[in-house]
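Working notes for the structure below.
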Amino acid sequence: MNVFRLAGDMTHLSSILVLLLKIHTIKSCAGISLKTQELYALVFITRYLDIFDRFTSIYNFLMKLIFLGSSLSIVWYMRRHKAVHRSYDKDQDTFRYQFIVLPCLLLALVINHKLTFKEVMWTFSLYLEAVAILPQLVLLQRTRNIDNLTGQYVFLLGAYRALYLLNWVYRYFTEPGFVRWITWIAGLVQTLLYADFFYYYILSWKNNVKLELPA
Amino acid sequence: TADEEAKDEL
């Protein structure tokens, strides 16, 4: 494992901690898209179907458990916890699942390394993760007042993806034969989706003004 | 196996 990969994982973990902090201590999920959170839960469930029969390392195993547990608990909080649920911007969070899930599923059935259930589900999880942020970005654009924690959450998620890109560049040059087209293209698309957000996030940080995305 | 993509990342 290289430093970019570790930094990427830690950034991903931080993003989840920031979101849990907001939900657990402030009891608010204002500005957070439940659709995106449910898609992430689906991403982890379909990606880690092999959690008990393919062992790579203690680190990977524990991280998989953390990602599964945290994503499911966030969905539970937003749906079932009364105070948290009240703060949910349901009327603004209108992105439709089927526009994301169905194309990803079809693509995974067509473009994969092996036509088996687990491999197709794993490939589906990569495609789904690439676009799962879309409902959140749409919601951000509609939210007049993006609070700091929400802004930080999305920024950390984007940073995690950028660090994974660096990790792949590093591995390409240090590991002979390291080529993973499906992972790379899905990862690149995912990172590019954050470009616009990054631009306005850094601008607001530089000018020390509240983050607001143009309509 | 070789025809599956390797899975050592999260």
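Quick note on labels: first sequence line is chain A, next is B, and so on, each numbered from 1.
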Is the [atom1] atom of [X] crowded by more than 12 outside heavy atoms at less than 6.0 Å?
X	atom1	result
A:Phe173	CZ	no
A:Tyr59	OH	yes
A:Trp205	CH2	no
A:His81	NE2	yes
A:Tyr170	OH	no
A:Tyr199	OH	no

Next on the checklist: Please tell me whether A:Trp122 and B:Glu5 have a donor and an acceptor in their side chains that are separated by less than 3.5 angstrom.
Outcome noted: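 No, B:Glu5 and A:Trp122 have no side-chain donor paired with an acceptor closer than 3.5 Å.
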Region of [X] that comes under 4.5 Å of a non-hydrogen atom in chain B:
X	value
A:Arg47	side chain
A:Phe44	neither
A:Phe178	side chain
A:Asn112	neither
A:Ser57	neither
A:Asn60	both

Next on the checklist: As an exercise: rank A:Thr183, A:Asn167, A:Thr116 by heavy-atom pairs under 4.5 Å with chain B and give me the winner.
Outcome noted: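 Of the candidates given, the most pairs with chain B belong to A:Thr183.
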Next on the checklist: For A:Tyr201, give me all partners under ring-ring contact (aromatic ring centres under 6.0 Å, His included), at least two apart in sequence or on another chain.
Outcome noted: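 Scan of A:Tyr201 (ring-ring contact (aromatic ring centres under 6.0 Å, His included), adjacent residues dropped) gives A:Phe155, A:Phe197.
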Item to check | Check: B:Leu10 and A:Tyr164 side chains under 4.5 Å, non-hydrogen atoms | outcome: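 They are in side-chain contact.
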Item to check | Sidechain N-carboxylate O distance under 4.0 Å for B:Asp8, A:Arg5 | outcome: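 Here B:Asp8 does not pair with A:Arg5 in a salt bridge, since their nearest N and O are not under 4.0 Å apart.
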Checklist entry - So A:Lys118 and B:Lys7, side chain to side chain contact (heavy atoms under 4.5 Å, CB included) or not? Walk me through it. => result CA-CA 12 Å; A:Lys118 271 188 187 171; B:Lys7 294 170 179 61; over 6 Å; no
